[in-house]
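Since the structure comes first, as structure tokens, the remarks are kept for the end.
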There are 2 protein chains.
Amino acid sequence: MASTIHLDRTDFAILEKLQDNALLSNKQVAAEVNLSPSACHERVKRLKEGGILQGSHAVVDPKAYGVSFEAMFLIQLDRHEALLVEEFLQEVIALREVKSVALISGAYDIVAHLRVRDIDHLKSLAFEKFTKRPYITKIESSIVYDFKENRVQKPL
Amino acid sequence: MASTIHLDRTDFAILEKLQDNALLSNKQVAAEVNLSPSACHERVKRLKEGGILQGSHAVVDPKAYGVSFEAMFLIQLDRHEALLVEEFLQEVIALREVKSVALISGAYDIVAHLRVRDIDHLKSLAFEKFTKRPYITKIESSIVYDFKENRVQKPL
DNA sequence: TATTTTTCCCGAATATACTCCGGCGCATAT
DNA sequence: ATATGCGCCGGAGTATATTCGGGAAAAATA
């Protein structure tokens, strides 16, 4: 079972390297954590099979897709039927402009992170894909001036 | 220059595969986009050199780091001196609990996405690392019930 | 303490993939 | 019609991934 796997210092070192750069060759990772390639390979294999290493993704310049800036919508819903909310989240994440969507507690219910071409695009997105919906009470639309992300986790 | 590179359908197909799974071998990608390995390799090389393919990162189960849930802080600042804000963002993103931080326009100024061990951890994080700061007017603290992310971009 | 068991490492061997290069075909321009 | 450039292919050599067996060290057992 996944949760029963015990991770030692070396495992964390491997995870750190691969979170930083998933394209490192097994040989390179092995060298950086002072292991032979075969030993390192076995660990990585175990981490994958144990569900610790869940995948890896290339990062592509959004400009290549015509994105010029990002925005966020802070959304309030008038009622919270679980089914309705789940359906909404599904529809939202299916939009190509949506980078992420979070369902949260508090004054706002949903935070959507968007990638858009220009202001007109943002406008039409807001009005045609969001505002229209009857169960949305309020949308606070924000431009993202700066966004920083930690792709490498560290022990808490 | 990077922005002058022209991407065709095949390039986008390659980008899509690698965003979905950065560990695909060049051979596999080539097969999926109906190209010989050498031709595919040349394209990937060009995409990297052109700054389109910016890197790739492994995704690790947060539970491995003792994370049990996520939270968000919606933060208001009382003044917006650029230098102060930038410094704050730097300090925030440097925290191991912070997954991402966004500086936005509108009623709130900053959205921080956090990974925490438990409620006590969230509490201490809020009070010791955020609330303390004099220039923070208000923090709206939210639990993240659900979070969905699109790791594969599609043309707008 | 002696013995068993487990865990984890290494090195070698094989299979597979990367990488570069020469040449060909097609589309476009002259 | 001919020339030019661009992108593709296939092959050869090299490097890497992956598997396997065996051995050392630690942990558990008696």
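Because the structure is predicted, anything quoted here is derived from the model rather than measured.
Atom pair R46(B):CZ and dT19(C):C1' shows a separation of 16 Å (rounding to whole Å applied). The CG-P distance, from L7(A) to dC8(C), rounds to 11 Å in whole Å.
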May I have the step-by-step check of side chain to side chain contact (heavy atoms under 4.5 Å, CB included) for F69(A) and V116(A), ending in yes or no?
CA-CA 6 Å; F69(A) 68 94; V116(A) 294; 3.6 Å; yes
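Taken residue by residue, residues 18-35 of chain A places heavy atoms nearer than 4.0 Å to DNA chain C at L35(A). Applying a 4.0 Å cut-off to non-hydrogen atoms, the residues of residues 36-45 of chain B that approach DNA chain D are S36(B), S38(B), A39(B), E42(B), R43(B), listed by residue number.
From N21(B), atom CG reaches atom OG of S56(A) across 5.5 Å, with rounding to the nearest 0.5 Å. Taken from CD in E91(B) to NZ in K129(B), the straight-line distance is 9.5 Å, to the nearest 0.5 Å.
Using a 4.0 Å cut-off between charged nitrogen and carboxylate oxygen, D11(A) and R43(A) count as a salt-bridge pair. Using a cut-off of 4.0 Å between Lys/Arg side-chain N and Asp/Glu carboxylate O, E32(B) and K17(B) are scored as salt-bridged.
Judged by distance alone, with hydrogens and angles left aside, the side-chain atoms of S105(A) form a donor-acceptor pair with the main-chain N or O of I143(B) at under 3.5 Å.
Aromatic pair F88(A)/Y135(A): centroids less than 6.0 angstrom apart. Ring centroids of F12(B) and Y65(A) are separated by less than 6.0 Å, placing the two rings close together. The ring of F147(B) has its center closer than 6.0 angstrom to the ring center of H113(B).
Between F73(A) and F130(A), the ring-plane angle classifies as perpendicular under the 30° and 60° cut-offs.
Defining each end axis of the helix from dT1(C)-dA30(D) to dT30(C)-dA1(D) as the rotation carrying four pairs' C1' atoms onto the next four, with five pairs an end, the two axes are found to diverge by 30° to 10 degrees.
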